[in-house]
Every structure is written in C-alpha cells, then in structure tokens.
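So the structure is just underneath, and the comments pick up after that.
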Amino acid sequence: MQFESLPGFREFYPEACRLRNYIFSHWRKVARCYCFSEYDAPVLEPLELYIEKSGEEIVGQLFNFEDRGGRAVALRPEMTPSLARLVGAKANSLKRPVKWFNIGEHYRYERPQKGRLRAFYQFNVDIFGEAGPAADAELICLLIQSLQSFGLGEADFKLRLSDRDLWLLMLASEGLDEAASAKVLGIVDKLERMERAKALESLSAILGEQAESFLGQVERLTTIRDFAGLRAFVEALPLEGARQEAARQRLAEWTALMEHVEAAGLMAFLQIDLGIVRGLAYYTGFVFEAFEASGEGRALAGGGRYDALVKKLGGPEMPAVGFAMGDVTLIDLLESKALLPKFVDAPDIVIVMVGADERKLALLDAASLRAVGYQVNYPLKEQGFGKQFKAANQSGARFALIYGTDELARGAVKVKDLTSGGECEIRRSDLLQTLPELIEHGLMADDGAR
RNA sequence: UUGAGGGUAGCUUAAUGGUAGAGCAACGCACUGUGACUGCGUUUGGUGCGAGUUCAAAUCUCGUCUCUCAACCCA
C-alpha cells in the first residue's frame with residue numbers, strides 16, 4: 001500500500017525544514033527585539049470557540065470532528081480566539097501592555113491554491129491593554145522590520161493602512177445604520193477585484209438610487225494615498241456634533257500613528273489605502289495588510305485593532321491590536337525575489353581515518369570536539385582514503401582531520417583545510433586549543449612547512 | 001463546493017495506438033594515505049489508481065485520486 005500526504009499538507013524534507021526554520025528564526029528574532037514574549041496554545045480547540053468568534057459559516061472551513069468524549073472539536077484555523085481566551089483569563093494579573101507572539105501551525109479545510117494550503121504556519125503578534133495608536137504603530141513597525149529582515153526593501157513590499165472607524169463615520173454621514181455599513185464594507189473589501197457594474201448593482205440593493213453617487217464617493221476615498229488628501233476628505237464630510245468630534249479625534253490618532261512610524265524611519269513602507277477593510281467584522285479601528293509592492297498576489301500579512309473581541313469571548317474589556325503573517329505567501333515572495341539563501345548543513349570537521357585502531361582514537365576526539373560544539377562527522381563504516389576524502393569534500397566541511405598511523409604514532413593528527421588544500425600536523429592534546437584559530441584564519445596551501 | 005490544465009524512475013524528461021528510452025542523482029568498482037576530474041558498471045518504472053475500447057493503450061474513452069491555476073472564501 002502506497003501512502004501520500006494529505007492534500008494541502010507539506011512534508012518537510014531537510015532542505016525545506018531548514019528553510020522553515022530560517023523563516024521562524026527571523027520572525028522570532030524580530031519579535032524578541034521588540035520585547036514580545038512567546039506563548040503557545042492548543043492545536044485542538046472546542047469548535048464552539050470559533051463559531052462564537054466567526055459564526056456558523058466558519059465550520060465549513062475547519063478541520064472539525066467529534067472526539068471520543070462527544071465533544072465537538074476543531075484544529076485551530078487561527079490563533080486569535082485562543083489568545084483572547086488566554087489573555088482574558090488572566091487579564092487582571094498581566095502587566096500591561098501585554099506584548100505576546102506565537103509561531104504555530106494552523107489548519108483550514110479549503111482547496112489549496114497559490115499561497116494557500118490546508119496546513120500553514122503563522123507568525124501572530126499582538127498587544128493587549130493599550131488603546132492608543134502607539135500600539136498599532138509598534139506592530140506596524142514590527143511587521144515592516146520582520147519583512148525587512150529577509151532582505152525585502154521598500155521596492156519589494158508596502159504596508160497598506162486603513163481605518164474602519166473612518167469608514168463607519170463616512171458611512172454614518174451617508175445615513176447608513178450599522179447593519180447596512182457592515183454590508184457595504186463587505187462590498188468595499190471586494191471592490192478591487194470586482195467589476196464596477198457589479199459593485200454598483202450590489203450597492204443599489206442597499207442604497208437604492210444613491211448608489212451611483214455613493215460609489216463615486218467610495219472611489220474618491222479609496223484612491224487617496226496621502227494624509228493631506230485623507231484629512232481634506234474627512235473634514236469635508238457632512239458630520240455634526242459628536243461625530244464631527246469623533247472624526248477630529250480620529251485624524252489626531254492618524255497623525256500620532258504616522259509620526260511614530262516616521263520617527264522610526266519606516267515611513268517609506270507605509271501606504272494609505274482605505275481600500276483595505278479586512279473581511280472580518282470584529283476589527284474596530286486601524287487595519288492594515290502587507291503586499292508585494294506591485295499589489296499582486298495574496299496579502300503577506302494582515303491585522304488591525306480588535307478592541308471588542310476579548311470581552312466577546314468571555315474576558316474583560318481589553319483593547320487589542322495584532323497581526324498575522326503566513327509562511328506560504330512569504331516563501332513564495334522570497335523565492336520570486338531570489339532572497340532565499342542557499343542552505344547547507346556543512347560540518348565544521350570531517351574525520352578521515354585509516355583503520356579500526358585509529359577509529360577508536362578518532363571517536364574519542366570527535367566526542368570531545370562535539371562536546372564543545374563543533375559539528376563533526378566521520379564515515380560510519382570503514383572506507384578507503386580516496387572515498388573518504390571525496391565524501392569529506394562533498395559534505396562542504398571546512399577541515400578534515402586525518403587519523404593516520406604515522407601521525408598517531410607521534411601523538412598527532414593531520415589537519416587539512418579542504419578549501420585551500422593546506423595541511424599541518426597538530427598534537428591531539430592541542431586540538432581544542434588550536435582549532436579555533438585554524439577555523440578563524442584557515443590554512444594556507446604552504447602552511448605545512450611551519 | 002465549481003471550472004480549466006497536468007500526473008511516465010528520487011528529479012528533469014523522450015516515446016501520438018506497435019519492444020517504455022535517456023540525462024541527472026544514488027549506489028558500486030577502478031581507488032588500502034589525499035578530494036572536487038574521469039572511466040566502467042549497477043539499481044530504479046508496468047506510465048497516479050480503476051475500468052473500458054482494441055489484435056495491441058503511456059497514447060483513445062469514462063470514473064476516481066492528486067497536483068497546479070482560477071472562482072468562492074480569506075480568520
């Protein structure tokens with residue numbers, strides 16, 4: 001019987017695994033540099049957790065089943081609900097702001113396609129307990145720097161920033177209630193990929209004859225790319241009283257956020273784009289997505305503020321903002337930009353030995369070298385010299401240590417620099433002392449004389 | 001869930017109805033004290049799976065699985 005892996009699930013052969021760990025290590029490093037703490041949560045959760053957050057429809061997109069105890073469970077499709085529960089449960093004892101991150105695998109029962117699989121890794125980064133725009137800005141900077149750490153520059157990706165609060169104000173000024181606003185935002189979200197006529201049709205169902213002029217207004221808003229333009233647009237909205245005040249405050253928060261990113265020197269990556277609204281209803285303020293600079297392809301990362309979610313999932317009132325970045329789109333992008341390093345598992349040292357007696361001494365030395373952290377390899381079975389050298393060379397090792405009868409009789413081994421071909425003899429007792437210098441400087445081809 | 005296009009050895013591929021072939025890789029030998037070269041050799045498949053048409057199927061037909069791309073969805 002032949003078995004294959006399940007659709008949308010990857011097998012990580014060593015090379016792919018190295019790549020995966022490379023991605024993880026960069027994510028982790030940047031998060032630590034921003035002083036976020038790593039947490040983890042169960043991979044299997046009560047199905048209800050996701051229904052509560054996203055509605056019944058979500059079930060069709062989950063790996064879910066009934067466990068032996070009759071519980072309806074699901075593999076996690078995202079981290080946020082688990083995280084909200086974790087934070088909610090200890091909300092009163094956590095020092096704020098709570099800055100946490102996770103790297104974990106997530107599962108969605110969808111048909112795989114470019115940039116999307118059924119099992120994928122996500123980098124989740126969140127801040128709880130800080131309502132001000134500095135938290136949003138901090139995450140935006142972290143997101144930008146994490147992408148930069150892979151060698152991506154401002155010509156490679158942009159972070160598109162939008163604001164659901166401004167949208168709601170704008171929609172309120174058009175006289176839309178909450179339910180109608182949600183529907184309209186759903187359409188705005190798709191506008192970029194939708195034909196205008198079709199969008200108009202969908203809007204007419206909600207707005208009737210105003211649809212045409214409304215769509216014009218939407219198009220003006222979504223094409224704004226600078227803050228002055230956005231400010232002018234918002235100030236021109238027919239708002240009064242509390243709403244006018246809210247709009248003024250919101251613009252101040254925009255200013256604060258942008259000043260923060262500007263001060264961090266990352267403004268070149270930020271692009272105002274109110275066309276981003278994110279499909280999810282639970283976002284409450286700033287929302288953002290990172291895209292390849294041309295705007296092609298899937299979002300590299302997405303996030304925003306979700307101030308109401310912790311409470312909805314049973315916790316206390318707790319402002320929150322976060323984002324997630326997936327490994328699949330990121331790897332696709334790095335590959336297309338030729339930014340994936342070539343990974344090699346080359347040993348530091350390969351031992352070449354002549355026979356069984358020499359092998360015993362070699363094993364002893366290998367153990368001490370390994371104990372202090374060198375990557376040491378040797379053939380597992382007896383092989384001829386020529387073959388051992390060939391293998392040593394192919395392994396990419398920097399040095400060969402040669403355990404030959406003559407050298408060992410003198411209490412020494414021969415060291416060969418496999419890149420230069422230089423050789424010299426070292427007393428076995430001096431190995432640990434001498435190797436660091438050899439590795440630092442290498443052996444010239446004529447060093448054997450010294 | 002829907003639509004389109006693919007699946008031949010570990011990888012890249014050839015064979016348009018008539019003996020499934022090559023390159024790379026891997027392994028072995030030349031090669032028991034010095035590698036990146038070379039030479040020789042070996043291994044690997046019933047063509048994703050199943051059925052059908054045919055004297056004959058990798059090739060044509062149907063079903064199915066899977067991959068890729070797209071639609072839906074996108075937390």
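Each chain gets a letter, A, B and so on, in the order its sequence line appears, and its residues count up from 1. Values in this document were obtained by computation on a predicted structure and should not be read as measured data.
- Contacts classified as ring-ring contact (aromatic ring centres under 6.0 Å, His included) and involving residues 332-367 of chain A (residues at least two apart or in different chains) are given here: A:Y22-A:F343.
- Counting only heavy atoms from C-beta outward, the side chains of A:V43 and A:E105 never approach each other to under 4.5 Å.
- Atom NZ of A:K114 and atom C1' of B:G5 are 16 Å apart (whole Å).
- Within 4.0 Å (heavy atoms only), A:K381 reaches sugar-phosphate atoms of the nucleic acid but no base atom.
- The interatomic distance linking A:R298 (CZ) with B:C73 (P) rounds to 12 Å, in whole Å.
- Between A:E38 and A:R28 there is a salt bridge, with a side-chain nitrogen of the basic residue lying less than 4.0 Å from a carboxylate oxygen of the acidic one.
- Rounded to whole Å, the C1' atom of B:A30 lies 49 Å from the corresponding atom of B:G5.
- Applying the ring-ring contact (aromatic ring centres under 6.0 Å, His included) criterion to A:F128, with sequence neighbours excluded, gives no partner residue.
- The side-chain hydrogen bond (donor to acceptor under 3.5 Å, both in side chains) test applied to A:E48 returns no partner, not counting sequence neighbours.
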Restricting to nitrogen or oxygen on both sides, can you table the protein-nucleotides 65-67 of chain B pairs closer than 3.5 Å?
unit_1	atom_1	unit_2	atom_2	d
B:C67	OP1	A:G8	N	3.3

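- Here, B:C60 and B:U16 have their C1' atoms 10 Å apart, quoted to the whole Å.
- Side-chain N/O atoms of A:Q388 and base N/O atoms of B:G33 include no donor-acceptor pair closer than 3.5 Å.
- Comparing the P positions of B:G3 and B:G10 gives an interatomic distance of 33 Å, to the nearest angstrom.
- For A:R160 and A:E289, the salt-bridge test fails: no basic side-chain N is under 4.0 Å from an acidic carboxylate O.
- With both ends at atom P, the span from B:G46 to B:G41 equals 26 Å, rounded to whole Å.
- Put simply, the side chain of A:E423 and the base of B:U34 share a donor and an acceptor less than 3.5 Å apart.
- Among the heavy atoms of the strands, none lies under 4.0 Å from A:E358.
- Look at CG on A:L185: it is 16 Å from C1' on B:C74, rounded to the nearest Å.
- With a cut-off of 3.5 Å on both pairing distances, the Watson-Crick and G-U wobble pairs of RNA chain B assemble into stems of 3 or more at B:1-7 with B:65-71, B:10-13 with B:21-24, B:26-30 with B:38-42, B:48-52 with B:60-64.
- Comparing B:A56 with B:U2, their P atoms are spaced 36 Å from each other, to the whole Å.
- Evaluation of the side-chain hydrogen bond (donor to acceptor under 3.5 Å, both in side chains) rule for A:D163 yields A:R250, A:W254 as partners, not counting sequence neighbours.
- For A:E45, the side-chain hydrogen bond (donor to acceptor under 3.5 Å, both in side chains) partners at least two apart in sequence or on another chain are A:S82, A:R85.
- You won't find any donor-acceptor pair under 3.5 Å spanning the side chain of A:R108 and the base of B:C74, going by distance alone.
- In B:G10 the base sits anti relative to the sugar, since the glycosidic angle is further than 90° from 0.
- Distance CZ (A:R118) to C1' (B:C73): 13 Å, rounded to an integer number of Å.
- Residue-to-nucleotide contacts include a donor-acceptor pair under 3.5 Å from the side chain of A:R116 to the base of B:C73.
- The interatomic distance linking A:E110 (CD) with B:U2 (C1') rounds to 15 Å, in whole Å.
- One interatomic measurement links the two molecules: CZ of A:F323 to P of B:C74, which rounds to 21 Å at whole-angstrom precision.
- Atom CD1 in A:I402 sits roughly 7 Å away from atom C1' in B:U34 (whole-Å rounding).
- For the pair A:E407 and A:L117, nearest-nucleotide mapping onto RNA chain B gives the more 5' position to A:E407.
- Looking at residues two or more places apart in sequence or on another chain, you find a salt bridge (Lys or Arg N to Asp or Glu O under 4.0 Å) between A:D345 and A:R18.
- By the ring-ring contact (aromatic ring centres under 6.0 Å, His included) test, A:F399 is found to be paired with no residue, residues two or more places apart in sequence or in another chain being considered.
- A search for side-chain hydrogen bond (donor to acceptor under 3.5 Å, both in side chains) contacts involving A:Q383 returns nothing, not counting sequence neighbours.
- A distance of about 31 Å separates the P atoms of B:G28 and B:A20, rounded to the whole Å.
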Could you list all N or O pairs between the protein and nucleotides 29-31 of chain B that sit under 3.5 Å apart?
unit_1	atom_1	unit_2	atom_2	d
B:C29	OP2	A:K387	NZ	2.5

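- The aromatic rings of A:W100 and A:Y39 lie tilted to each other, with the angle between the two planes from 30° to 60°.
- Rounded to a whole Å, the CD atom of A:E425 is 14 Å from the C1' atom of B:U34.
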Please output the side-chain donor-acceptor pairs of residues 55-64 of chain A that fall under 3.5 Å, not counting sequence neighbours, one pair per line with the distance.
none

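- Comparing the P positions of B:U64 and B:U44 gives an interatomic distance of 35 Å, to the nearest angstrom.
- For the P atoms, the distance from B:A51 to B:C24 is 37 Å, rounded to whole Å.
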